[in-house]
Visitor: 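I have a structure here, written as structure tokens, and I will follow up with some questions on it.
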Amino acid sequence: MRVFNSLGRELQEFVPRQAGQVSMYVCGPTVQSSPHIGHGRSAVAFDVIGRYLEWSGYDVTYVVNITDVEDKIIAAAAERGLTPERVAAETSAQFRSAYDALNIRRPDIEPRATEHIAEMIGLIEKLIAGGHAYAADNGDVYFRVRSFADYGRLSGRKIDDLISGARIEPGEDKEDPLDFALWKAAKPGEPRWESPWGPGRPGWHIECSAMARRYLGDGFDIHGGGTDLVFPHHENEVAQSEAAHGPPFARYWLHNGMVNLGGQKMAKSTGRIVDLLGALDEYPPMAIRLFYLRTHYRRPVDFTTEALEDAGASLERLRSFRRRFSGEPEIDAAPEVLDRFRAFMEDDFDTAGALSVLFEVVREGNARLDAGQDAEEWVAAYDDIMGVLGLAEPEDSLDDLRAAIDSLAGSLDVAAAEDPAATVERIVELRDRARTEEDWARSDELRDALTHIGIIVEDAAGGTRWHRQ
RNA sequence: GGUGCCGUGGCCGAGUGGCGAGGCGCAGGACUGCAAAUCCUGUCACACCGGUUCGAUUCCGGUCGGCACCUCCA
């Protein structure tokens with residue numbers, strides 16, 4: 001398996017630290033405001049990577065942090081007249097609900113910055129002892145960038161090129177403009193924890209160094225995040241961790257591309273965003289997931305409603321194939337098909353290519369069913385691939401339609417059953433009787449009535465089928 | 001200014017030194033009471049200019065265009 005490692009900027013053969021096991025850390029969101037389409041992309045990209053690695057037989061430990069203390073959260077809280085804790089809790093809940101809707105698996109560990117202050121303080125003390133950090137008179141602690149010779153290796157920068165952009169903000173007390181905060185002294189009214197340098201809060205970068213090590217140890221396998229985090233966030237993580245404990249901090253750095261809007265990056269700071277929860281409300285969640293997966297995770301992708309509708313139509317093609325076969329297939333997928341799928345995935349998780357295999361499976365499966373042949377093997381392949389891509393959904397429940405279904409049944413003099421699906425069956429049987437009698441007006445009337453409450457009826461060669469939506 | 005990525009058919013989007021990935025859309029056909037779903041066929045693309053090569057969309061150089069990072073950001 002080859003993965004594109006940002007460290008080195010090339011495709012490299014993936015060899016985990018320990019055979020058969022993969023340790024993975026992904027930078028999750030700073031919970032300052034509601035999730036947008038870009039957050040979903042990152043989460044889906046690494047969710048699929050995790051799922052694929054497990055499907056390939058690896059034992060995966062997957063860690064995603066939640067940054068719940070940070071300047072932006074404090075600012076948002078002040079603006080809304082809430083406590084930072086409240087803002088963080090509310091926003092975390094929004095992220096969780098969006099991620100659940102997108103069928104993103106819960107990480108094995110989801111550490112919060114505020115619950116790991118002790119680890120961060122320990123790491124900062126170690127950096128100070130080693131001469132890599134210093135406490136300033138104002139109560140801040142800074143990392144001494146020039147003390148770490150490898151600084152810039154991950155992001156491909158030279159220290160001298162960075163100088164023009166670096167600056168010292170008012171109130172900071174750095175030796176060098178390149179230095180960055182490990183610990184920030186608390187101002188009145190700000191969240192604070194006791195520390196050897198006085199009350200304060202951690203800088204942004206230190207949490208990932210501390211938590212990744214705590215849960216995955218030194219030299220873990222995969223560190224992920226958006227390309228916008230490469231510099232300075234990930235560069236600083238490397239500096240902190242390797243200055244304290246020696247290299248390597250992480251072995252493979254994977255970065256997903258950005259979601260653009262009208263050709264430019266979607267970002268909170270510019271207001272160019274499309275709200276994720278809103279989109280999930282308006283489109284089938286799996287259409288959004290498919291939209292992400294159609295493009296290789298490293299490339300930028302432009303968000304448009306047309307693209308989402310396109311993905312929705314593709315999703316419908318997938319689902320309508322699966323509806324032709326109920327239950328679980330009892331035989332395995334053809335190995336050659338899974339091999340083709342695997343070949344794409346092993347090439348730096350090329351989900352766009354992998355989807356081409358899925359659609360070929362659907363076409364072949366449909367053709368076989370049309371020809372009256374057995375397609376179980378193709379259904380099995382479909383289920384495997386859909387599962388790895390996280391596109392498979394649980395059977396639609398009809399519970400929310402029960403009232404409408406029962407009411408329709410009542411108006412037709414059909415007895416409602418305990419299971420709403422059984423009630424639908426009875427109505428469909430009624431229509432089939434009308435069709436047998438060639439009473440097309442009655443038949444169409446019943447079909448329209450079902451369509452009206454969200455049940456689609458299709459007359460296939462093998463009999464009448466129906467499904468929701 | 002520095003660093004890096006990218007320009008593929010109506011739209012989206014993989015990939016390859018020589019054989020039309022795939023999806024959406026559109027057109028025609030088959031099936032069908034109608035509709036839907038499905039199948040078949042068509043829609044033969046690789047920004048531009050040079051170079052290497054028997055042959056380049058694919059490699060090299062240049063031009064033009066787009067984007068990202070260099071500040072918080074998935």
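Every heavy atom of this structure was used, including side-chain atoms; hydrogens, water molecules and symmetry mates were not. Each chain gets a letter, A, B and so on, in the order the sequences are listed, and its residues count up from 1. The shown structure was predicted, so the numbers you read here are calculated from the model rather than taken from an experiment.
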Visitor: Quick one: label A/Arg294 by what it contacts on the DNA or RNA (base, sugar-phosphate, nothing), any heavy atom closer than 4.0 Å.
Guide: sugar-phosphate
Visitor: Is it the case that B/G4 (base atoms only) and A/Ser155 (side chain only) share a donor and an acceptor within less than 3.5 Å, ignoring hydrogens and angles?
Guide: no
Visitor: Describe the nucleic acid contact of A/Arg323 in one word from base, sugar-phosphate, nothing, applying a heavy-atom distance below 4.0 Å.
Guide: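 Nothing: the residue A/Arg323, judged by heavy atoms under 4.0 Å, touches no strand.
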Visitor: Regarding A/Phe344, tell me which of base, sugar-phosphate or nothing describes its non-hydrogen contacts under 4.0 Å with the strands shown.
Guide: sugar-phosphate
Visitor: Find the distance A/Arg153:CZ to B/G4:P and express it as a whole number of Å.
Guide: 16 Å
Visitor: Which nucleotide sits closest to the side chain of A/Cys27: B/A74, B/A68, B/U38?
Guide: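 My answer, after comparing the listed nucleotides, is B/A74.
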Visitor: Return no unless some side-chain N or O of A/Arg363 is found under 4.0 Å from OP1 or OP2 of B/G22.
Guide: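 Answer is yes, contact under 4.0 Å.
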Visitor: Does the side chain of A/Trp378 come within less than 4.5 Å of A/Gln373's, by heavy atoms?
Guide: no
Visitor: Take the protein atom CG of A/Asp370 and the nucleotide atom C1' of B/A30, then report the distance between them rounded to whole Å.
Guide: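 Roughly 10 Å, once rounded to whole Å.
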Visitor: Would you say A/Arg298 reaches B/C6's phosphate, i.e. side-chain N/O to OP1/OP2 under 4.0 Å?
Guide: no
Visitor: Parallel, tilted or perpendicular: which fits the ring planes of A/Phe95 and A/His39, with parallel below 30° and perpendicular above 60°?
Guide: perpendicular
Visitor: Rounded to the Å, how far apart are A/Arg9 CZ and B/C6 P?
Guide: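 Answer to the nearest Å: 13 Å.
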Visitor: Could you tell me how far B/U58 sits from B/G10 if I compare only their C1' atoms? Round to whole Å.
Guide: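 Straight-line distance between the two C1' atoms is 25 Å.
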Visitor: What is the distance from CD1 of A/Ile288 to P of B/C12, rounded to the nearest Å?
Guide: 20 Å
Visitor: Using a heavy-atom cut-off of 4.0 Å across all strands, would you classify A/Glu306 as base, sugar-phosphate, or nothing?
Guide: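 No contact at all - A/Glu306 keeps every heavy atom at 4.0 Å or more from the nucleic acid.
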Visitor: Given atom CZ of A/Arg435 and atom C1' of B/A36, what is their separation to the nearest angstrom?
Guide: 11 Å
Visitor: Any side-chain donor paired with an acceptor under 3.5 Å for A/Arg157 and A/Ser155?
Guide: yes
Visitor: Could you check which of B/C24, B/C40, B/C34 has an atom nearest any side-chain atom of A/Arg431?
Guide: B/C34
Visitor: Using a cut-off of 4.0 Å on non-hydrogen atoms, how would the nucleic acid contact of A/Gly257 be classed: base, sugar-phosphate, or nothing?
Guide: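 Here A/Gly257 touches the bases of the nucleic acid.
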Visitor: Report which part of the nucleic acid A/Ala313 touches: base, sugar-phosphate, or nothing (heavy-atom distance under 4.0 Å, all strands).
Guide: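 Here A/Ala313 touches the backbone only, sparing every base.
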Visitor: Answer yes or no on whether A/Arg298 is positioned over the face of A/Phe4, meaning its NZ or CZ is under 6.0 Å from the six-membered ring centre and within 45° of the axis.
Guide: yes
Visitor: Between B/C12, B/C67, B/A37, spot the one nearest the side chain of A/Ser320, thanks.
Guide: B/A37
Visitor: Hey, does the side chain of A/Asn366 come within less than 4.0 Å of B/C39's phosphate (OP1/OP2), counting only N and O?
Guide: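 Checking B/C39 against A/Asn366, a side-chain N or O does come within under 4.0 Å of OP1 or OP2.
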Visitor: Describe the nucleic acid contact of A/Val357 in one word from base, sugar-phosphate, nothing, applying a heavy-atom distance below 4.0 Å.
Guide: nothing
Visitor: With heavy atoms under 4.0 Å as the rule, sort A/Asp459 into base, sugar-phosphate or nothing.
Guide: base
Visitor: Any donor-acceptor pair under 3.5 Å joining the side chain of A/Thr227 to the base of B/C69?
Guide: no
Visitor: Base, sugar-phosphate, or nothing for A/His296, non-hydrogen atoms under 4.0 angstrom?
Guide: sugar-phosphate
Visitor: Is the ring pair A/Phe231/A/Tyr151 parallel, tilted or perpendicular, if the boundaries are 30 and 60 degrees?
Guide: perpendicular
Visitor: Just checking A/Asp350: base, sugar-phosphate only, or nothing, at a heavy-atom cut-off of under 4.0 Å?
Guide: sugar-phosphate
Visitor: Quick one: label A/Val457 by what it contacts on the DNA or RNA (base, sugar-phosphate, nothing), any heavy atom closer than 4.0 Å.
Guide: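 Since a base atom lies under 4.0 Å of A/Val457, the category is base.
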Visitor: Considering every strand and a 4.0 Å limit on heavy-atom distances, what is the contact class for A/Pro232: base, sugar-phosphate, or nothing?
Guide: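 Since only primed, P, OP1 and OP2 atoms lie under 4.0 Å of A/Pro232, the category is sugar-phosphate.
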Visitor: Let me know the distance between NZ of A/Lys265 and C1' of B/C67, rounded to the nearest Å.
Guide: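 Checked: the NZ to C1' distance equals 11 Å.
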Visitor: So does A/Asp302 reach the base of B/C12 with its side chain, donor to acceptor, closer than 3.5 Å?
Guide: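 Such a pair does not exist between side chain and base.
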Visitor: Would you mind reading off the distance between A/Phe231 atom CZ and B/A68 atom P, rounded to a whole angstrom?
Guide: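 Whole-Å distance recorded here is 18 Å.
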Visitor: Once the angle between the rings of A/Phe349 and A/Tyr52 is folded into 0 to 90°, is it parallel (under 30°), tilted (30 to 60°) or perpendicular (over 60°)?
Guide: perpendicular
Visitor: Establish whether the base of B/G33 is bridged to the side chain of A/Asp444 by a donor-acceptor pair shorter than 3.5 Å.
Guide: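 Check passes, donor-acceptor contact within cut-off.
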Visitor: Looking at B/U71, B/C34, B/A37, which one has an atom nearest to any side-chain atom of A/Glu458?
Guide: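 Ranking B/U71, B/C34, B/A37 by closest atom to the A/Glu458 side chain puts B/A37 first.
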Visitor: Please check if any side-chain donor atom of A/Thr61 sits under 3.5 Å from a side-chain acceptor atom of A/Asp108, or the reverse.
Guide: no
Visitor: Touch check for A/Pro29, heavy atoms < 4.0 angstrom, all strands: base, sugar-phosphate only, or nothing?
Guide: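 The residue A/Pro29 makes sugar-phosphate contact but no base contact.
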Visitor: Check this one for me: any side-chain N or O of A/Arg299 less than 4.0 Å away from OP1 or OP2 of B/C12?
Guide: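 No, because none of the side-chain N or O atoms of A/Arg299 sits under 4.0 Å from OP1 or OP2 of B/C12.
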Visitor: May I ask you to say what A/Ser443 touches in the nucleic acid, namely base, sugar-phosphate or nothing, with a heavy-atom cut-off under 4.0 Å?
Guide: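 Base contact.
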Visitor: Can you say whether a donor on the side chain of A/Arg447 sits under 3.5 Å from an acceptor on the base of B/A35, or the other way round?
Guide: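 Such a pair is found, so the answer is yes.
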Visitor: Relative to the ring of A/Tyr25, is the ring of A/His223 parallel (under 30°), tilted (30 to 60°) or perpendicular (over 60°)?
Guide: tilted
Visitor: Measure from OH on A/Tyr292 to C1' on B/A14 and round the result to the nearest Å.
Guide: 20 Å
Visitor: Among B/G33, B/G13, B/U38, which nucleotide sits nearest the side chain of A/Trp440?
Guide: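 Of B/G33, B/G13, B/U38, B/G33 is nearest to the side chain of A/Trp440.
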